[in-house]
Amino acid sequence: MTQATATDLSNTEKWQNLDGAHHLHPFTNPNDLLQKPPRIIESAQGVYLTDSDGNELLDMMAGLWCVNMGYGQEDLIEAASAQIRQLPYYNAFFKTSTPPAAELSALLAEVTPAHMRHAFFTSSGSEANDTVLRLVWRYWDILGKPEKRVVISRKNAYHGSTIASSSLGGMEDMHKQGGVIPDIVHVEQPNWFARRCELGTDLDRDGFGRQVAQSIADKIEELGVDRVAAFIAEPIQGAGGVIVPPDSYWPEVKKICEHYGILLVADEVICGFGRTGEWFGTDYYALKPDLMPIAKGLSSGYLPIGGVMVADKIMDVLINQGGEFNHGYTYSGHPVCAAVAIANIRLMQRENIVQTVRESTAPYLQKRLRELGEHPLVGEVRGVGMLGALELVRNKENFIKFDKDIGVGAICRDYCFANNLVMRAVGDSMIISPPLILQHGDIDVFIERAWQCLDLTQKAIA
Ligand code: PXG
């Protein structure tokens, strides 16, 4: 057999070879990639990706929950190139700022809840959550309560991949490889369907929601309120499997945080910027958080930028009693990233995208998604706005899940990928988080491909 020379190889093979030899991928078993090289995504437009062999894939994950305004938006591209020419970088450390950083902070004050008028900038959601920890601890320290350090989070939460943010998260597999830093504890997640399957008996949804909320109060009592600083949660858990809490959950959690006087941190990295059909998940659930980490949809993923919205209550303490806040990143308020975020938010406003999602596309997506609930493999359909999940089960009448070893979610995901549909698997939940610009016709394509892939999955495991 003659050895293939570089000129014999297709572009796809060339990139796959380079990647295989040199690229260590996030959240990936490197050995798996050697067996099956990655698909190379080369370009994208609207809601479709094009791979290096010319196949077009419908991207129902908006990249990684972030390309909210879809691919190829000229406004964002222009904003980046104009700003990079004008001023590619300057910092916000030593009593300086830049026009984009100043303007973006004001624009964020306009679109986020009224009691949040300051933004701290980061380059990612993980850095935003590290900043959350610093702010929470700093706040109580300034108020003379340094022993208030414990942050309560939830199992299966995802708050990032740095050591601090993964500790805040509740992903066991991450904790196994990195541990959990002190003063972070995890309580039950409001995953009604999983508990219903475990119990094998009926389980009242709202009763369960209240009971899970109560576990936060129980944890505060157990630790002593003098030690508890904050509760952090995604309004709807994303990477944990699009876990939409029972309606009873958030009102109860809100009451508990108010009753004990602990800070409420709403991680809006996924739920923010229109995903729920409101600007923020906090608007959807009528919450009043003290801190709000943001990222992803802030720039529609075009450039890396995140941040933390800070409530006036915390700013008052920082301004009047705080002194220097010893925290910051080289790229905090990066002018090019900020310029793109401004262009993105202005585009969202101009196109009225949040209203379109709320009144038109999300209701249609949710209605059609529920049709997939008729498929024999689908035990539950859940979703809000442009977030959705299909729970694959062995027996839908009796709420019996598949054996974990079968990996039915991964099988289905691979069929989707092979059939030009990007839908993710979290365990046996098939999840979607498409660009907000998705149209009715795209939703029809999605439903048709998804049904076909569910059929293929069913045949494969029969
Ligand atoms: N908070 C939430 C709620 C997130 O979903 C982060 C923080 C961290 O953001 P950065 O920008 O540091 O990644 C996230 C990120 C997945 C997946 O597999 C989800 C995320 C990131 C990577 C993979 O669903 N969410």
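Every number for a ligand or one of its atoms is a count from 1 in the order of the listing. Keep in mind it's a predicted model, so treat the numbers as computed, not measured.
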If you look at every heavy atom in [X] and [Y], which pair is closest and at what distance?
X	Y	value
Ala128	Gly307	CB-O, 3.4 Å
Cys453	Thr457	O-OG1, 2.6 Å
Ala230	Ile262	C-CD1, 4.1 Å

Does Glu234 reach ligand 1 with a nitrogen or oxygen that is under 3.5 Å from one of the ligand's nitrogen or oxygen atoms?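 For ligand 1, there is no N or O atom that lies under 3.5 Å from one belonging to Glu234.
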Consider every N or O of Leu64 and every N or O of ligand 1, then say whether any pair is closer than 3.5 Å.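 Checking ligand 1 against Leu64, no N or O pair falls under 3.5 Å apart.
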Have a look at His334 and tell me which of Tyr89, Tyr329, Tyr90, Phe121 forms a ring-ring contact (aromatic ring centres under 6.0 Å, His included) with it. Tyr89
Please report which non-hydrogen protein atom sits nearest to [atom], along with the residue it belongs to and the distance in Å to one decimal place.
atom	answer
atom 14 (C) of ligand 1	Tyr158 CD2, 3.5 Å
atom 19 (C) of ligand 1	Trp65 NE1, 3.5 Å
atom 16 (C) of ligand 1	Arg424 NH1, 2.6 Å
atom 20 (C) of ligand 1	Lys296 NZ, 3.4 Å

Can you list the atoms of ligand 1 that are under 4.0 Å from a heavy atom of [X]?
X	value
Ile270	5 (O)
Ala239	16 (C), 19 (C), 24 (O)
Ser126	8 (C), 9 (O), 10 (P), 12 (O)
Asn129	1 (N), 7 (C)
Ser124	11 (O), 12 (O)
Asp267	1 (N), 2 (C), 3 (C), 7 (C)
Gly125	8 (C), 9 (O), 10 (P), 11 (O), 12 (O)

Step-by-step side chain to side chain contact (heavy atoms under 4.5 Å, CB included) determination, Leu421 to Leu57: CA-CA 5 Å; Leu421 170 63; Leu57 294 90; over 6 Å; no
With a cutoff of 4.0 Å, is [X] in contact with ligand 1, counting heavy atoms of the residue only?
X	answer
Glu127	no
Phe27	no
Gln237	no

Under a 3.5 Å distance rule, please check whether Arg370 uses its side chain to pair with a backbone N or O of Gln366 as donor and acceptor.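 Yes; at least one donor-acceptor contact below 3.5 Å.
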Indicate yes or no for a side-chain donor-acceptor contact from Tyr302 to the backbone of Gly72 under 3.5 Å, with no hydrogens or angles considered. yes
Does [X] pair with [Y] as a salt bridge, N-O distance under 4.0 Å?
X	Y	answer
Arg195	Glu188	yes
Asp290	Lys313	yes
Lys401	Glu391	yes
Glu258	Lys255	no

Between Ala295 and ligand 1, find which residue part has any heavy-atom pair under 4.0 Å and reply side chain, backbone, both or neither.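 Looking at Ala295 and ligand 1, no heavy atom falls under 4.0 Å.
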